[in-house]
Structures are given as structure tokens and as C-alpha cells.
Amino acid sequence: MRIGVLAIQGDVREHRRHLERLGIDAPEVRAPQHLDGLAGLIMPGGESSTIGMLMSESGLLDALGQRIRAGFPVYGTCAGMILLANRVEGARGPFPAWLAGLDITVARNAYGRQVQSFEADIPVAELGPEPVRVVFIRAPKVLSHGPGVRVLGSLDGEPVLVEQGALLASSFHPELTDDLRIHRYFADKVRQSQEAAAVASAGP
Ligand code: GLN
């Protein structure tokens, strides 16, 4: 199974290393043709406007958007969460959505500035009894979400790890700790979606 890592900005190497430690081949993705043969994609943090603009220029934004609408699994961390959000709020008003698909409203930079980056431990029942250490860097805040969104983890009552269908998103950076559980959770989602696709294509 191959899960690509969007290689425009951010912790590309760290995400690839986490996937490779799980035995998953993790090629870098920069252009639409790099999506061929992938079972899923991780989008690292960075600056969502820059990443979105560069993805748009290469045609990757359109190509990935089409796949997402067909059920392609994507995990967006931090800026990646912003790229998946249906509604994006900035300091001076709303931004147009980039890829969309995830029925959440996010506020950019709402967890404070770079120097106010922080860590916390949050419980995530899906990942077992051990809490997950989460690292926030100018992170987006989920202001609201639709009924199809499942909240897997929260901080102070606000969602920070959410999923909807084949999409997973976190406001924090799981690649900056040694804990592989969130990457493993996403890989399991990707596997399930492949199995569902195989059953569907086998027909009745
Ligand atoms: N502040 C960034 C944005 O708005 C996200 C920060 C991050 O990815 N660490 O795109």
C-alpha cells in the first residue's frame, strides 16, 4: 500500500518517516500525476494559502478535489486541515475553500502566534487508553462542524481531531512526536476504503 505525502511545505520528511515505520511506502506528491497508484494522501502543515496556490498552479488542487469527491482518503494536519475545510475564516473575514469535502468551519491561526505554540495531552478513545501528546503551531480552530463529522479528540471542549468519510484532519502535528497511532489510524482507514472499493467493483 502506498500513501503519498504532499511535498510542498512542512514536515514532509517526518510524515514519510512515520508511514515508513509502519511499513508503508510514502512517495512525495507535487504534481497531479504523482497521485497515480496511491491509496491515500497526507497533507502536512505550513501556510495554507501558499500550499493551496501552488497546488492550484500545478493542477494538483483540481485533481485531488476530484478524487476526494470520489472517496479518496486524505489526512490533513494543521494547514492541511484548512485545505480540506468547507469554510475558512481569517482575521479579516472568510477565505474561499480550497479542496473542501470536510464539513467544518475553521478559523486560521486561532490558537495563537508561532511563539505561543504549545503541547497538550488529549484522550482519544479510538487510539486506546494512553492520551495523545498534541503539538499546536499557529493552529486552526474548528469553530463548528456538520452532523456528518465525527469528533475523535478535543481540547478544552473544542474539536482538534475529526473525521468524515475517508477524510481525517487534525489541528495539531502528530509527526512531531514518536507516537505512530494517528498515522496507523489513518492507514487503517485507507485500507478499509480500499477493501470497500474492491467489494464495490466486484459487483453483486
Ligand atoms: N497558520 C497556518 C495557516 O493558516 C497553519 C499553521 C500550520 O500548519 N502549522 O495556514
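In what follows, residues are counted from 1 in the order of the sequence shown. Note that ligands are numbered from 1 as they come in the structure, with each ligand's atoms numbered from 1 the same way.
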(Q) Side-chain heavy atoms nearer than 4.5 Å, only ILVMFWY residues, links allowed to pass through others: does that put Val134 and Ile137 together? (A) no
Q: May I ask you to say whether Arg181 pairs ionically with Glu130, meaning some side-chain N is under 4.0 Å from a carboxylate O?
A: no
Give every donor-acceptor pair under 3.5 Å between a side-chain atom in residues 22-34 and any protein atom, sequence neighbours left out.
unit_1	atom_1	unit_2	atom_2	d
Asp25	OD2	Arg2	NE	3.2
Glu28	OE1	Arg30	NH1	3.4
Glu28	OE1	Arg30	NH2	2.4
Glu28	OE2	Arg16	NH1	3.2
Arg30	NE	Ala7	O	3.3
His34	ND1	Arg30	N	2.9
His34	ND1	Ala31	N	3.1

Q | Option from Leu64, Val74, Leu60 for which side chain to side chain contact (heavy atoms under 4.5 Å, CB included) with Leu99 holds | A | Leu64
Q: Sequence neighbours left out, what pairs pass side-chain hydrogen bond (donor to acceptor under 3.5 Å, both in side chains) with at least one residue falling in residues 78-88?
A: Arg87-Asp103, Arg87-Thr105
**Q.** Protein residues having a heavy atom less than 4.0 Å from any atom of ligand 1
**A.** Gly45, Gly46, Glu47, Ser48, Cys78, Ala79, Ile82, Arg108, Asn109, Ile137, Arg138, His173
(Q) Which residues pass the salt bridge (Lys or Arg N to Asp or Glu O under 4.0 Å) test with Asp36, not counting sequence neighbours? (A) Arg67
